[in-house]
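Inspection log for the structure reproduced underneath, given as structure tokens.
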Amino acid sequence: LVAGINEPTKLQEILSQGKMVLACAGPYRHVGKEIVQAAIKAKTDYLDLCGEPQFFNDMLAEFDMEARESNTLVISACAFDCVPAELSAKLA
């Protein structure tokens, strides 16, 4: 199954066939928004490996209410990339 970020209907159709999508390619600021949006519309949970704080904030600001209303998880930074910063903040 293949769909590009410039094919929102096809992307949503493909994502609706699963329970979760794990986005592993970036930069997320260039390709992530379309996947988040399609996942929410498909009611498919979204996780990524992103380490781009601005992307986290932008997706939260733009899609939080829509994700909540569709009961869809949108979770960024599910990987090692963000662990050093989080650990440093915790230990500070």
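This structure is a prediction, so every number in the text was calculated from the model and none was measured.
For the side chain to side chain contact (heavy atoms under 4.5 Å, CB included) test, residues two or more places apart in sequence or in another chain that qualify with I75 are L47, L73, C78. Under the rule for a side chain to side chain contact (heavy atoms under 4.5 Å, CB included), the partners of A23 that lie at least two apart in sequence or sit in another chain are Y28, Y46, D48. Applying the side chain to side chain contact (heavy atoms under 4.5 Å, CB included) criterion to I14, with sequence neighbours excluded, gives L1, A3, K10. With sequence neighbours excluded, no residue forms a ring-ring contact (aromatic ring centres under 6.0 Å, His included) with F63.
Taking NZ from K33 and CD1 from I5, the interatomic distance works out to 11.0 Å, rounded to the nearest 0.5 Å. Taken from CD in E52 to NE2 in H30, the straight-line distance is 8.0 Å, to the nearest 0.5 Å. Between D45 atom CG and I40 atom CD1 the span is 10.0 Å, to the nearest 0.5 Å. Rounded to the nearest 0.5 angstrom, L15 CG and K41 NZ are separated by 12.0 Å. Note that CD of Q37 and CE of M59 are 9.0 Å apart. Values are rounded to the nearest 0.5 Å.
Within the 4.5 Å cutoff, side-chain heavy atoms of L49 are placed close to those of L22.
Residues V74 and A67 share a closest heavy-atom pair of CG2-CB, 4.0 Å. Closest of all the heavy-atom pairs between F55 and S76 is CE2-OG, 3.9 Å. Between A77 and F56, the closest heavy-atom pair is CB-CZ, 3.6 Å.
Residue pairs meeting the side-chain hydrogen bond (donor to acceptor under 3.5 Å, both in side chains) criterion with at least one member in residues 65-75, sequence neighbours excluded, are D64-R68, S70-T72. Screening residues 12-22 for side-chain hydrogen bond (donor to acceptor under 3.5 Å, both in side chains) gives no qualifying pairs among residues at least two apart or on separate chains.
In the hydrophobic cluster analysis, where Ile, Leu, Val, Met, Phe, Trp and Tyr join through side-chain heavy atoms closer than 4.5 angstrom, V21 is grouped apart from L60.
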